[in-house]
2 protein chains.
Amino acid sequence: MTITMRDVAQASGVSLMTVSNVINGQPGAGAQTRVRVMEAVERLGYEVNLTARRLRKGLTGNIGLIVPRFDHPYFGELAARLATALAETGRHLSVEQSGASAEGELAALSHARLATYDAVLLNVVGLRYEDVDNLRTSVPVVLLGEQGMPVRFDHVRLDNEAGARLATVHLLGCGARNVLIVGGSHEDQQSMQAIRTKGWERAHTDAGLTPSPDGVLRLPELEVACARELVRERLLRSPDVDGIFAVTDQVAFGAMAGARDAGRRIPEDLQLVGFDNLSFGEHVPPGLTTIDPGHDWMVEHAVRLIDQRIEDRDVAPQQLTSPSTLVVRGTTRC
Amino acid sequence: MTITMRDVAQASGVSLMTVSNVINGQPGAGAQTRVRVMEAVERLGYEVNLTARRLRKGLTGNIGLIVPRFDHPYFGELAARLATALAETGRHLSVEQSGASAEGELAALSHARLATYDAVLLNVVGLRYEDVDNLRTSVPVVLLGEQGMPVRFDHVRLDNEAGARLATVHLLGCGARNVLIVGGSHEDQQSMQAIRTKGWERAHTDAGLTPSPDGVLRLPELEVACARELVRERLLRSPDVDGIFAVTDQVAFGAMAGARDAGRRIPEDLQLVGFDNLSFGEHVPPGLTTIDPGHDWMVEHAVRLIDQRIEDRDVAPQQLTSPSTLVVRGTTRC
DNA sequence: CACACGAACTGTAACGATATAGTCCGAACG
DNA sequence: CGTTCGGACTATATCGTTACAGTTCGTGTG
């Protein structure tokens, strides 16, 4: 019914193995033979049977992604991008929820759960160094996200500080004189909030300014409703605030609503930059200026690291840091 | 390394085939033998290797879902539910976008595209009877959604008229005297809008009322922004409107915003019922009363039809209609 | 008692690919 | 000229499962 390697082999007058070698770019096939085989492949419209290949290679074709929660758009977008990238090679992504707790993430990493995957991408949030360091799995694991994790693992990092600095520099460069960081914090130096706060400070000192101590607006939760309420309140109290760096796009959406509540026009009275480049930011008027943490770059390299490690478990682990870029839209004046 | 059927066979002192038969519930194995085999399965922690089974059975483990567009929440939720249901049996869902046009849907149904699926679920929107009737595929196809399609196919329908009637009856029962249908239409009798409009009319006549001819508020597009604008305008013009049946939840969200714009309180001044039971409706205050088109039911039966047809291509096609139910939340007074 | 029959179970050959261990043959070398 | 060497290619076994065609063996029948 369907065309198999056997048909291609017959049509081009070579053995099964030669066809296999040609298709997989393995050595051991002459130049003319390669051409002849590829012609037959084209002519017959042959495509490899991934199921058979997987059986032979002992792979499942499934990659696991473990994130703290499904319902947050950041992870949704990450999952969508990864799924697309993996689909190119006929693989699938299964997303598991760890519940933002260390226990959840460790449970999701139990042997039984992972046995069905060829590799696992772990979004390390809420996991401490020791937890990750104690991990012993038979399946390749690639870490995704924050900094400060054991170098024993492949890791695609996100340059939180550089991104935050970039955002703040842009606000200052567009004429903001009094820039709030919403969702910032000085606690737990390793946390995403603290690192982005450091970037916000660095942008100030680099420009010869001193970040005001009450420029950090802490939020109990990085959620829309919470940000909206606290930003509204703060803007009513501090009429001189003319710029906001929101630590996430979620927070930025809340801040936009809060600013409107407080009677500020964006970007005329108040400029705003977010962080994450969620696709929704493109559609909410006047368009959210934000930091793209290099999603495409991260996904591309994460998949590459996975493939390398599946191929050879003993290759040296790599730590990569994705470059952040500024995406200018309507919430800033330049 | 991993435990195979061979290990189970050895451990329970039977042949490979007996283990296979027991596991798949095939006849030809005695009662004690079954018990013995299942004990060994438990003890060794055996799990079937889906890759091997697929190779042997000539299946890929992938099901295709073809929807008009990705970005609409209705299809997103449908896809999520289906993916979950299929994951139970270790299969995967691949979602393809047809672009809401007949050409797109037909292109997505081309032989080459479908060859990689065990079966395809086709959400028939924008396809006419003839287009579907001309379809000749080697892969099992199950239709999803609207009515009026060739009985040659398995089809899980959605009871648009009954659902719309249910919504309107509820509004009338809760004291609404003047119920608008937003997004309704009398054109193209087969369209979703027209059928739901018929349901709205039937609810009126069943109650001994005459639906007012200008009770149908047509929308150029079933989108939030559009519904918001036209509902606001209409409510300002017609102060006596005290109920709205929105043909979709999307439209209902827009209508809620439009009502607020027009200064109406929900549900005090104006009651509202949507259609689709999108999960978002639960979270938007005061909670959207809506019609659940039987998502779970549809998904359950769609998967069953798929499996039946994969098993036996010649089984008689079935047309099923999912039962609609009312989900009462805060936008209605009872 | 010979025979047929069906239930319970087994042996073997696939499914389509790849890893491994060859085989073959022409060129290079002493 | 005989030997070695390496590049090009092939034969076979195998991955874990299931379809199909047997093989037993106990029971019921004439």
Side-chain angles (χ1 to χ4, degrees), chain A residues 1-38 40-41 44-62 89-91 115-116 118 307 310-313, chain B residues 1-38 40-41 44-62 89-91 115-116 118 307 310-313:
Chain A
M1 207 67 201
T2 57
I3 295 125
T4 74
M5 261 192 189
R6 164 170 268 99
D7 300 320
V8 176
Q10 219 148 46
S12 47
V14 296
S15 77
L16 222 55
M17 270 320 292
T18 300
V19 177
S20 174
N21 287 331
V22 169
I23 284 175
N24 295 296
Q26 298 289 92
Q32 305 108 312
T33 315
R34 294 202 119 82
V35 171
R36 212 143 36 87
V37 169
M38 287 314 292
V41 165
L44 301 179
Y46 168 78
E47 289 186 30
V48 292
N49 180 322
L50 291 176
T51 306
R53 172 180 287 174
R54 281 173 191 153
L55 174 60
R56 188 60 248 244
K57 290 211 162 188
L59 296 174
T60 64
N62 291 130
T89 45
R91 287 176 292 183
T116 60
D118 295 339
D307 289 337
I310 288 174
E311 181 112 355
D312 174 9
R313 305 241 161 165
Chain B
M1 207 69 199
T2 57
I3 295 126
T4 73
M5 260 190 188
R6 166 170 267 99
D7 301 320
V8 176
Q10 220 148 45
S12 48
V14 295
S15 76
L16 223 54
M17 272 318 295
T18 300
V19 176
S20 174
N21 286 332
V22 169
I23 285 176
N24 296 295
Q26 299 288 88
Q32 306 109 311
T33 313
R34 294 200 119 84
V35 171
R36 211 143 37 87
V37 169
M38 287 315 291
V41 165
L44 301 179
Y46 167 79
E47 290 187 29
V48 290
N49 181 321
L50 291 176
T51 306
R53 173 180 287 174
R54 281 172 192 153
L55 175 60
R56 185 62 250 243
K57 290 212 162 186
L59 297 173
T60 64
N62 290 130
T89 44
R91 286 176 292 183
T116 61
D118 295 340
D307 289 337
I310 288 174
E311 181 113 356
D312 175 9
R313 305 241 160 165

Please list each protein N or O that sits under 3.5 Å from an N or O in nucleotides 21-27 of chain C, with the distance.
none

Nearest heavy-atom neighbours spanning [X] and [Y]:
| X | Y | result |
| --- | --- | --- |
| A:A29 | A:V22 | CB-CG2, 4.0 Å |
| B:A52 | A:L55 | CB-CD1, 3.7 Å |
| B:A40 | B:S12 | CB-CB, 4.0 Å |
| A:V14 | A:V37 | CG2-CG2, 3.9 Å |

* **CA sep, side-chain torsions, deciding dist, call: A:M38, A:V35, side-chain contact (heavy atoms from CB on, under 4.5 Å)** => CA-CA 5 Å; A:M38 287 314 292; A:V35 171; 5.9 Å; no
* Name every residue in residues 14-21 of chain B that has at least one heavy atom under 4.0 Å from any atom of DNA chain D, in order of residue number, or write none if there are no such residues. =>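 Residues of residues 14-21 of chain B that come under 4.0 Å of DNA chain D are, in numerical order, B:L16, B:M17, B:S20.
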* Asked: Between which nucleotides of DNA chain D, 5' to 3', does chain A make heavy-atom contacts below 4.0 Å?
  ->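 On DNA chain D, the outermost contacted nucleotides are D:dA8 to D:dG16.
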Could you measure the distance from the [atom1] atom of [X] to the [atom2] atom of [Y]? Nearest 0.5 Å is fine.
| X | Y | atom1 | atom2 | value |
| --- | --- | --- | --- | --- |
| B:D307 | B:R91 | CG | CZ | 4.0 Å |
| B:T33 | B:N21 | OG1 | CG | 11.0 Å |
| A:D7 | A:L16 | CG | CG | 10.0 Å |
| A:R54 | B:N49 | CZ | CG | 11.5 Å |
| B:M17 | B:Q26 | CE | CD | 8.0 Å |

* **Presence of A:N24 side-chain N/O under 4.0 Å of C:dT18 phosphate oxygens OP1/OP2** =>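 So the side-chain polar atoms of A:N24 do come within 4.0 Å of the phosphate oxygens OP1 or OP2 of C:dT18, strictly under.
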* Asked: Can a side chain N or O of B:T33 be found less than 4.0 Å away from OP1 or OP2 on C:dA8?
  ->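 For C:dA8, OP1/OP2 do not have a side-chain N/O of B:T33 under 4.0 Å.
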Rounded interatomic separation in angstrom, taking [atom1] from [X] and [atom2] from [N]:
| X | N | atom1 | atom2 | value |
| --- | --- | --- | --- | --- |
| A:R54 | C:dC15 | CZ | C1' | 15 Å |
| A:R53 | C:dC15 | CZ | P | 19 Å |
| A:E47 | C:dG16 | CD | P | 14 Å |

* Between A:T51 and A:Q26, just flag the one whose closest nucleotide in DNA chain C comes earlier from the 5' side. =>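 Residue closer to the 5' terminus by nearest nucleotide: A:T51.
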* Asked: Start at the 5' end of DNA chain C and walk down; is the nucleotide closest to B:A29 or to B:L55 reached first?
  ->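 Closer to the 5' end of DNA chain C: B:A29.
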* 5′-ward residue of the pair A:R34/B:V48 relative to DNA chain D ->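 So the residue in question is A:R34.
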* **Between B:R6 and B:T4, a side-chain donor and acceptor under 3.5 Å** =>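 B:R6 vs B:T4: no donor-acceptor pair found between side chains.
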* To do: Only one of A:V8, A:V48, A:T18 passes side chain to side chain contact (heavy atoms under 4.5 Å, CB included) with A:I23; say which it is.
  =>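 Passing option: A:V48.
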* To do: Using the test side chain to side chain donor-acceptor pair (under 3.5 Å), find all partners of B:D118 that sit at least two apart in sequence or belong to another chain.
  =>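 Counting only residues at least two positions away or on another chain, B:D118 forms a side chain to side chain donor-acceptor pair (under 3.5 Å) with B:T60.
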* For B:G30, answer base if it contacts any base atom (sugar-phosphate contacts may also be present), sugar-phosphate if it contacts only those atoms, and nothing otherwise; contact means non-hydrogen atoms under 4.0 Å. =>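 Counting heavy atoms under 4.0 Å across all strands, the contact made by B:G30 is with sugar-phosphate only.
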* **End-to-end axis angle, where each axis spans five pairs of the helix from C:dC1-D:dG30 to C:dG30-D:dC1, to 10°** =>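 Computed from the C1' atoms at both ends, the axes differ by 60°.
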* To do: Indicate, yes or no, whether a donor-acceptor pair under 3.5 Å links the base of C:dA14 to the side chain of B:R56.
  =>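 Yes, a donor-acceptor pair under 3.5 Å.
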* Asked: For B:R53, which residues count as a salt bridge (charged side-chain N to carboxylate O under 4.0 Å, His left out) partner, sequence neighbours excluded?
  ->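 In terms of salt bridge (charged side-chain N to carboxylate O under 4.0 Å, His left out), with neighbours along the sequence ignored, B:R53 is linked to no residue.
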